[in-house]
Each structure stands twice: as C-alpha cells, then as structure tokens.
Amino acid sequence: MKCRFLIAAALAASVAVPATATELEVTHWWTSGGEAAAVAEFAKAFNAGGDTWIDGAIAGSGGVARPIIVSRIIGGEPMGATQLNHGRQAEELIEAGLMTDLTDLAVKEGWADFVNPTSLLDACTVDGRIYCAPVNIHSWQWIWLSHAAYEKAGVPVPTNWDEFTASAPALRAVGVVPLAMGQQSWQTSGAFGVLTVALAGPEVWLKVVKDKDVDTVMGPAYTAVFEAFGAARQLSDGADIQDWNQATNMVITGQAGGQIMGDWAQGEFQVANQVAGEDYTCLPGLGVNKIISTGGDAFYFPLVDDADIKAAQLRMASQLMSKEVQVAFNLKKGSLPIRGDVDLSSANDCMKQGLEILASGNILPDGNQHLSPDTNTQLEDLMVEFWNDKSITPAEVQKGYASIIADAD
Ligand code: GAL
C-alpha cells in the first residue's frame with residue numbers, strides 16, 4: 001500500500017502546478033467553428049497547467065476586434081493576453097512601452113533554435129527585443145474548390161485560376177455562385193493580394209507592398225491584375241453574405257464553386273467533416289505558382305504590475321510554443337506550426353502541401369509585416385468599394401491604389 005501511495009505522490013508532484021493559479025483574460029477574434037475548436041486547444045493547455053483561461057472572444061474578425069483590443073490596452077484596461085497578427089499591428093503599443101518583453105523567456109527556451117522560418121520571430125521583434133509568441137504560420141495564398149459544385153456543373157475541378165474563371169458559366173448554369181466573397185473589406189483586399197501574387201508574381205507584389213513603389217502599381221503587371229480583378233467582380237454576384245466563414249460554408253455546401261481565402265478556411269471544412277482531396281480541392285498560389293505567405297497569428301501580453309499575472313503570462317507564452325500545443329492547435333486551425341520539429345503526420349493533404357512548400361522555401365512575407373494597419377485599412381476600403389461598385393473602372397482604382405501606396409508609412 002505504502003509503495004502505491006509514494007508513486008501517486010511522485011506523479012502528483014511531477015505536474016508543474018503553479019504556486020498561484022491565475023486567471024488570464026484572453027482576447028481574440030476566433031469565433032468561427034474551426035477557429036473556436038482551435039483556440040479551445042490553447043485554453044485546454046492553460047487550464048491543464050493549473051491556471052484559468054478567461055475567454056474574451058470578440059466576434060466580427062480582426063477588423064472589429066483589433067480597435068477594441070488596442071483601445072483597452074491604451075486606455076489602461078489591459079487583458080492578460082491577446083491575439084494579433086504578427087507584424088506591425090502591435091508596433092505602436094510596443095513603442096509606447098505597453099507590452100511585455102518576452103526576450104528573456106525566448107532566449108531561455110531557445111525559440112530562435114526551433115521557430116521556423118525565423119522570420120516569424122523577426123515579425124515579433126522591435127529594436128532587438130521579442131514581444132510576441134508566434135502561434136502559427138497562416139497563408140492567404142489559397143483557393144478552395146467544392147467538388148459537389150463541379151460535379152453538379154458537370155465540369156472538372158479547376159487546376160488553376162484561368163480554368164476557375166472559365167468554369168463560371170457552367171456553374172451559373174446550375175445555379176452555383178462561382179466565387180464566394182463576403183462583405184468584410186479585408187476579404188476583398190486579401191483576395192486581390194493573392195491574385196496579384198499569382199498573376200504578377202511575388203517579386204512585383206513585394207515591390208509594392210515592401211518597397212512601396214508607385215511606378216510598379218501603375219505598371220503593366222499591376223494593370224493586368226486590376227483588370228482581372230475587375231472582371232472577377234461578377235463572379236460573386238448572388239453571394240449575399242458578410243462573414244468569411246459564411247463564404248466558406250457556401251463552398252462546403254456546394255452553393256459556390258470556390259473561395260480565395262487563407263488556410264483558416266480549412267478549420268471550417270474539418271468541422272464540417274469534409275476531407276481534402278475528396279470533398280474539396282485546395283490550390284496553393286491559385287494553382288499558378290505553389291507559394292505560401294508566412295503571416296500568422298501571435299499572442300502579445302500587455303504589461304501589468306501584478307506579479308502573479310506576469311508569471312501566468314510567461315507560462316502561457318511557453319505553452320503556446322510547445323510541441324504538443326503547436327500540433328493540437330494547428331491541426332484544428334488549418335495553419336502550419338511555428339516549429340519544424342513536430343510530428344504532423346496526421347495533417348491532411350492541403351496542410352501537407354503547405355508544409356512541402358514551406359520546406360521548399362517558396363515563401364512570401366505577409367502584407368501585415370510590411371504595411372501599417374492604417375495603410376492596410378485604406379487599401380481594404382478602396383478594394384471593397386471597387387468590388388461592390390462595378391461603375392468604378394480598373395484604371396480608376398489603380399490610381400487610387402497608387403496614391404495610397406505613395407503615402408504608405
Ligand atoms: C486573421 C487571423 C486568422 C483568421 C482570420 C479570419 O486575421 O489571423 O487566424 O482568424 O483572421 O478571422
């Protein structure tokens with residue numbers, strides 16, 4: 001009897017239970033089915049460590065959530081932790097000294113040795129100090145295609161953008177909307193970026209997004225993209241929806257042929273029990289150039305005085321970066337893990353394609369890493385207006401785009 005008691009006592013001691021179990025309020029905008037399933041993996045890990053995850057989900061995706069998050073931190077009502085996209089979204093908060101420096105933890109745990117690509121840490125680094133824990137690599141560079149819609153239309157599932165646009169009449173003939181697009185402005189602007197990378201190429205895209213080169217915006221390559229995007233506007237006629245996951249659901253249910261959307265759409269297919277390669281097809285780089293962008297989500301931790309909260313923040317940051325949590329979260333989210341030393345053999349075909357492209361090095365930074373939130377918002381507003389008002393010509397929107405890039409900070 002005594003021996004079993006000693007073993008039980010030893011096991012209990014082995015679970016690192018914090019001296020002071022702490023509640024942390026965590027803000028994020030992961031409210032779709034797939035996103036909620038993924039973020040639940042973070043909460044489960046934090047609670048299993050003896051602390052308490054207080055969920056602060058904000059509906060309406062990033063465009064709604066970010067201003068709320070930023071104003072709370074600036075206004076002195078900080079949450080314990082928050083999701084943001086890694087890149088420039090927290091830049092002003094960091095410069096104002098409002099965010100926790102994670103560098104000591106990152107050095108102690110060797111984040112630079114396992115985070116892959118290391119550019120993810122660069123996107124968390126300001127003046128040589130690390131201020132976020134990157135939790136995934138997500139890529140915008142995908143189109144998701146419904147097998148049911150193409151079976152109904154009696155045409156093969158497209159293998160690239162040109163075949164997709166050519167399939168539109170056959171889809172329309174059976175009452176299927178070719179391209180699902182919700183009304184949130186970031187959806188339209190994101191789709192434009194993906195089309196630019198596919199049709200003009202990554203280098204030309206970088207000349208604009210990174211170098212802010214106005215001549216390139218007005219040049220022949222971008223002219224062709226604005227014209228292609230203008231022509232694509234009619235492809236979403238009839239998709240009267242707002243949220244991105246409603247658009248994904250149109251593809252899942254065969255009401256739409258396809259959706260240009262980041263890999264977070266995968267979480268929705270998974271919650272709907274759809275199988276990549278059987279129920280839907282994913283084309284990285286719209287089937288034109290197999291590429292992924294290495295944007296993503298990261299957790300930031302507002303600076304607080306309370307020592308217990310500070311300690312809990314570091315426990316959470318450490319958990320988010322751990323192998324087991326990285327696998328559990330990213331498999332549900334549909335994104336790629338931030339570390340290359342994990343077993344993702346259970347990943348589906350689309351995730352495996354993303355991992356192969358990542359390993360090939362055909363990667364691209366995300367716009368969030370080069371454009372300020374203010375510039376991003378201006379471009380989003382311009383592109384959603386263009387998409388919804390067919391009286392605006394490609395030449396007119398091109399000029400508007402160029403003037404925003406000219407003033408981009
Ligand atoms: C992005 C976020 C993704 C996904 C998407 C739609 O900003 O990084 O994880 O949530 O919004 O909400």
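As the structure is a computational prediction, the values presented were derived from the model and not from experiment. Read the numbers this way: they start at 1 and go in the same order the structure lists the ligands and their atoms. Reckoned from all heavy atoms, side chains included, excluding hydrogens, waters and symmetry mates.
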Counting only nitrogen or oxygen atoms and a 3.5 angstrom limit, does W264 reach ligand 1? no
Is it true that the side chains of Y280 and Q266 contain a donor and an acceptor less than 3.5 Å apart? yes
Any carboxylate oxygen within less than 4.0 angstrom of a Lys/Arg side-chain nitrogen, looking at R129 and D104? yes
Subset of ligand 1 atoms that lie under 4.0 Å from at least one heavy atom of S61: 12 (O)
Numbered atoms and elements of ligand 1 in range of W186, under 4.0 angstrom, heavy atoms: 6 (C)
Give the residue, atom name and distance (to 0.1 Å) of the protein heavy atom nearest atom 8 (O) of ligand 1. D297 OD1, 2.4 Å
Nearest to atom 9 (O) of ligand 1, what protein heavy atom do you find, and at what distance? K333 NZ, 2.6 Å
Would you mind checking which non-hydrogen protein atom is closest to atom 11 (O) of ligand 1, with the distance to 0.1 Å? W29 NE1, 3.2 Å
Does the cation-pi check pass for R315 over F46, that is, NZ or CZ under 6.0 Å from the six-membered ring centre and within 45° of its axis? no
Compute the shortest N/O to N/O distance between N136 and ligand 1 and return yes if it is under 3.5 Å, no if not. no
Looking only at protein heavy atoms, which one is nearest to atom 10 (O) of ligand 1, and how far off is it? E35 OE2, 2.4 Å
Going by an N to O cut-off under 4.0 Å, is there a salt bridge joining K390 and D237? yes
Of N136, I292, N330, the one forming a side-chain contact (heavy atoms from CB on, under 4.5 Å) with L336 is I292
side-chain contact (heavy atoms from CB on, under 4.5 Å) evaluation trace for M383 with Y401: CA-CA 8 Å; M383 295 317 285; Y401 206 98; 3.7 Å; yes
